[in-house]
*Asks:* 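Provided herewith is a single structure, encoded as structure tokens, for subsequent inquiry.
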Amino acid sequence: MNAKINPPGYVSPVGQPLDRVDGHLKVTGQARYAGEYPQAGLLFGSVVSSNIACGRVLRIDASRALQVKGVVAVIDHTNRPHVASYDKDYEDADSAEGSPFRPLYNDRVLYSGQPLALVVADTLELARHAGSLVRIEYETDAHQTDLMAAQGNAHTAPAETPKPRGDFETAFTQAAITVDACYSTPNEHHNPMEPHASTVMYQDDGSLEIHDKTQGTQNCQDYLHKVFGLEKDKIRVLAAFVGGAFGSGLRPQYQLPLAVMAALHLKRSVRVTLTRQQMFTFGYRPHTLQRLRLGATADGRLLAVGHDVIGQTSRFEDFTEHVVEWSGMLYQCDNVQLTYKLAPLDVYTPLDMRAPGATSGMVGLECALDELAYATGVDPVKLRAINFADRNGNEDKPYSSKELLACYEQGADRFGWSQRNSEPRSMRQGRQLVGWGMAGGVWEAMQMKASAKARIDASGKLTVSSATTDIGTGTYTVMTQIAAEAAGMTPQDVTFVLGDSSLPTAPLQGGSFTVSSVGTAVQQACRALRAKLLDAVRMAHPEFAVVDMEEVGFGDGCLHIRGQRFSYADIVRASSHETLEVQVDAEPDEKREGYSTATHSAVFVEVLVDEDLGTVRVNRVVSAVAAGRVVNPKTARSQILGGVVWGISQAMHEETQNDQHLGRFMNHSLAEYHIPVNADIGDIDVMFVEENDDIVNELGSKGVGEIGIVGVASAIANAVYHATGKRVRDFPITLDKVL
Amino acid sequence: MSETTNQAFAEHAIALTLNGQSRQLNVQPWSTLLDVLREQLDLVGTKKGCDHGQCGACTVLRDGKRVNACLTLAVMCDGAELTTIEGLADGDTLHPMQQSFIKHDAFQCGYCTPGQICSAVGLANEGRAQTADQIKELMSGNLCRCGAYTNILAAVEEALPQSAAKASAVSEGGIDA
């Protein structure tokens, strides 16, 4: 951006707390989600699910359902359209290793809740009712759904965990101070407010236009192409609005192929929406069992870090996440040993869920650090600062930036940490025990390949597009800001278009890499558009034919050259084209290769614990985040607020409970699967520390979707210990464990 | 129900005021207000998050009071005055609560938002939330998985007085509430 070209007082749109550009549509109910597109003659599908965990289907009796007037078809493995036979055709951009689940493929039942039939009817109510009339006979096999019971059968996860370094066993054995503790985290389900839905619009030419709840329109398009053998140009997947996902939309979920099966079978348009109960019948954050062994000098310097994790997976895929890596990279330590195993169960494959791996693994590490703080008598903040690492020991690379010390300092200051009496049970507020705890957080700052198109028209309006999505993160808004800055315009003249598989290629929306990946593509596309605009001026004005790009300024919607200004609208009008358009493919800069890139945080928590009842209230939280340049402080703060609420939820509420006898999740409703309500949330103070990073990407921005949750649950557990003197190591921290 | 579903059930004719307009509707006796709004009338701003009255995404205003549309049979709304999220704005002028939600970034994905806003307007009509803690408690029937509660509180706190004033102006204007 050539700032001198802009009027006095010009402020770049990047860094401004712009209101969401899609806000008006969302507050007026005009934003349509996947299951909300009407069409005359649309059919409705209702999924019939397995009620055994393991076995075979002997017979599906749909006769009563088919007698219901208005029921059009009941589709199961015996009458579905042809689908692919090879595993690779079912793989997608977020697949786990193994054989992906194939909906309605054959008679095998792999988990309780598995879709076994789809009832298709004229109305939603008829489909749902008729579904209740379908009778399924099974041959039932014994199942195992209990990780605790199956941990002995765990095998090494097919993941590239960092190689051991130094000599952990010796260093741990000889350390002056040691901590050896086991922690567990439960299964959790994403439960976005919008249930998964797909509306498949069957077109006259047999092509499909699909509104799907997804974090990757092209991932779904590719999946359908392979599974059903349809040409890609016959499948268009759209996702203009996504009612939350948190990872649940990373893989194509089964309602999509089921709706497509029905549409192909009947040559009609079909919608399938899952019930809330069925939202518990696919991916989830997996239960983990963890052992942390820390060895340190008497003054708190880490000598040995050992982190062993067993996670659950399905019988058909080995789901892996980065669960132990953090223990080898957040702190300086020469002797590190990380192991990661998986135990297969008769369950569905787990799935990435907000800050996958870090959310679980950092529970072990950051609670153990707190135990070490008490064992050494070193303040928890100071302990972490002593062990600060400016290199990632796993990769032996320096961090491109890591303002974690500033997070500790500024967060502690904001929280008032210096007033803390470290003695457990020493602080009170009336009948409540007061606990102050803290923890650190870390998440990778990744960048993927992405493409974007920029087009400017004769009215001077810029449209930028990419096939990414906006799951509530604010993508529409921040991309508008990035485009406006790069093109030298105001955001009001920019429209960002997303959620359409026919747009330029974008990666899945996940991992906090959308700003980094798609934002870079948007920036580069708008930069390339500047060159197009200059070319057009050169053509129209021969006196500028040899002018150099260096002499030209772009700002305020105008190209500025040797004292003259040409509005973009005029430039387009004077050209021989209706619009000027450019598309770019962006990829991570080579200079990233020599560095490790990550976001960091320090989380400070105050809990109030009722001594008699064991109830814990998270009264206030300070989250200090280092994530590079913040594109929009308003939406970025919202991301961190949401992450903190998720952390509170992880610590205090969430747990999908298994009935091991039935092999089934039993609290599969929003009444029994607890997430926080408004009254559960106290004061949350978000601060972004200044972090300059010209290596991570040209925007200098790292992404904030995950970092907000990481460390929060540990900070709460540590605060509960400070309040009560009781270490709760099995999450969530329910009152029965505190009493 | 059983196979006898094949027999035609009598549809019920109901008359109601929906977002300020008189409507005559034929509804099935078992249809929820939520399904009628979404599937019959294409008013999809009212969201289905659980269909069990557990999440509040389907909150609408019936005679000024907030109700879960998924727990309300459509036939129960004969003669009622209903307001959904689509009926809150006055033309292009947003309701103060809608404006406040945008200003405070009180949503992310937007799926719980119509329910939150209708619930907050209902809360203003009730006139019983005086403090931040009361707002939080009385807005706790509306789940937000994105975790926007801090901003929802800020938005409701700011817009509550104006919304309450608007509600009393309407009721003084003679609309049966």
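Residue numbering restarts at 1 for every chain, and letters A, B, ... go by the order of the sequence lines. Predicted, not measured: the structure shown is a model, and the values here were computed from it.
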*Asks:* Relative to chain B, which of A:Met279, A:Glu654, A:Arg354 shows the most heavy atom pairs under 4.5 Å?
*Replies:* A:Glu654
*Asks:* Would you say the side-chain atoms of B:Gln54 pair up with the backbone N or O of A:Leu670, donor to acceptor, closer than 3.5 Å?
*Replies:* yes
*Asks:* Sort out for me which of B:His95, B:Glu137, B:Lys103 touches chain A most, counting heavy-atom pairs under 4.5 Å.
*Replies:* B:Lys103
*Asks:* May I ask you to name which of B:Asp35, B:Thr113, B:Leu88 has the most heavy-atom pairs under 4.5 Å with chain A?
*Replies:* B:Asp35
*Asks:* Any carboxylate oxygen within less than 4.0 angstrom of a Lys/Arg side-chain nitrogen, looking at A:Arg20 and B:Asp105?
*Replies:* yes
*Asks:* Non-hydrogen atoms of chain B under 4.5 Å away: do they reach the side chain of A:Val677, the backbone, both or neither?
*Replies:* both
*Asks:* Working to the nearest 0.5 angstrom, can you tell me the gap between A:Met193 CE and B:Tyr111 OH?
*Replies:* 8.5 Å
*Asks:* How close do B:Leu153 and A:Asn678 get, heavy atom to heavy atom, and via which atoms?
*Replies:* N-ND2, 4.4 Å
*Asks:* Between A:Tyr673 and chain B, which part of the residue has a heavy atom less than 4.5 Å away: side chain, backbone, both or neither?
*Replies:* side chain
*Asks:* Flag the one option from B:Gly110, B:Cys144, B:Cys55 with the top tally of heavy-atom pairs under 4.5 Å to chain A.
*Replies:* B:Gly110
*Asks:* Roughly how far apart are B:Ile85 CD1 and A:Gln30 CD, rounded to 0.5 Å?
*Replies:* 9.5 Å
*Asks:* So, the side chain of B:Tyr149 versus the backbone of A:Pro676: is there a donor-acceptor pair under 3.5 Å, distance only?
*Replies:* yes
*Asks:* Could you go step by step and tell me if B:Glu39 and A:Phe44 meet the side chain to side chain contact (heavy atoms under 4.5 Å, CB included) rule?
*Replies:* CA-CA 11 Å; B:Glu39 308 301 343; A:Phe44 297 79; 3.4 Å; yes
*Asks:* Atom CZ of B:Arg38 and atom OG1 of A:Thr273: how far apart are they, to the nearest 0.5 Å?
*Replies:* 7.5 Å
*Asks:* With a 4.5 angstrom heavy-atom cut-off, which part of A:Ala671 approaches chain B: side chain, backbone, both or neither?
*Replies:* both
*Asks:* Need one label for B:Thr32: side chain, backbone, both or neither, based on atoms under 4.5 Å from any heavy atom in chain A.
*Replies:* backbone
*Asks:* What is the distance from atom CZ of B:Arg145 to atom CH2 of A:Trp646, rounded to the nearest 0.5 Å?
*Replies:* 4.0 Å
*Asks:* Is B:Gln99 close to A:His24 at the side-chain level, that is, under 4.5 Å between some pair of heavy atoms?
*Replies:* no
*Asks:* Does the side chain of B:Glu86 come under 3.5 Å of the side chain of A:Thr28 through a donor N or O and an acceptor N or O?
*Replies:* no
*Asks:* Give a yes or no answer on whether the side chain of B:Ser140 reaches the backbone of A:Ala679 with a donor-acceptor pair at less than 3.5 Å.
*Replies:* yes
*Asks:* Please classify the contact of A:Ser132 with chain B as side chain, backbone, both or neither, using a heavy-atom distance under 4.5 Å.
*Replies:* neither
*Asks:* If you tally heavy-atom pairs under 4.5 Å against chain A, which of B:Cys50, B:Gly49, B:Gly45 wins?
*Replies:* B:Gly49
*Asks:* If I compare all heavy atoms of A:Gly243 with all of B:Cys109, which pair ends up nearest, and what's the gap?
*Replies:* C-SG, 3.3 Å
*Asks:* Is it the side chain or the backbone of B:Ile102 that comes within 4.5 Å of chain A heavy atoms, both, or neither?
*Replies:* both
*Asks:* Sub-3.5 Å donor-acceptor pair from the side chain of B:Lys48 to the main-chain atoms of A:Thr275, do we have one?
*Replies:* no
*Asks:* What option among A:Pro17, A:Ala245, A:Gly642 has the most heavy-atom pairs under 4.5 Å with chain B?
*Replies:* A:Gly642
*Asks:* Under 4.5 Å heavy-atom distance to chain A, tell me which part of B:Leu94 shows up: side chain, backbone, both or neither.
*Replies:* side chain
*Asks:* Measuring heavy-atom distances to chain B, does A:His190 have an atom under 4.5 Å in its side chain, in its backbone, in both, or in neither?
*Replies:* backbone
*Asks:* Counting N and O atoms only, with roles assigned by atom type, does the side chain of B:Gln98 sit under 3.5 Å from a partner on the main chain of A:Val27, one being a donor and the other an acceptor?
*Replies:* yes
*Asks:* Does B:Gln108 use its side chain to pair, donor to acceptor, with the backbone of A:Ser638 at less than 3.5 Å?
*Replies:* yes
*Asks:* Working to the nearest 0.5 angstrom, can you tell me the gap between A:Leu641 CG and B:Thr150 OG1?
*Replies:* 4.5 Å
*Asks:* With the threshold set at 4.0 Å, does a side-chain nitrogen-carboxylate oxygen contact exist between B:Lys47 and A:Glu36?
*Replies:* yes
*Asks:* For a 4.5 angstrom cut-off between non-hydrogen side-chain atoms, does A:Phe246 reach B:Cys146?
*Replies:* yes
*Asks:* With chain A, which of B:Met139, B:Gln116, B:Lys136 has the greatest number of heavy-atom pairs at distances under 4.5 Å?
*Replies:* B:Lys136
*Asks:* Rounded to the nearest 0.5 Å, how far apart are CZ of A:Arg276 and CG of B:Asp51?
*Replies:* 10.5 Å
*Asks:* Just checking B:Gln162: does its CD atom have more than 12 heavy atoms from other residues, nucleotides or ligands closer to it than 6.0 angstrom?
*Replies:* no
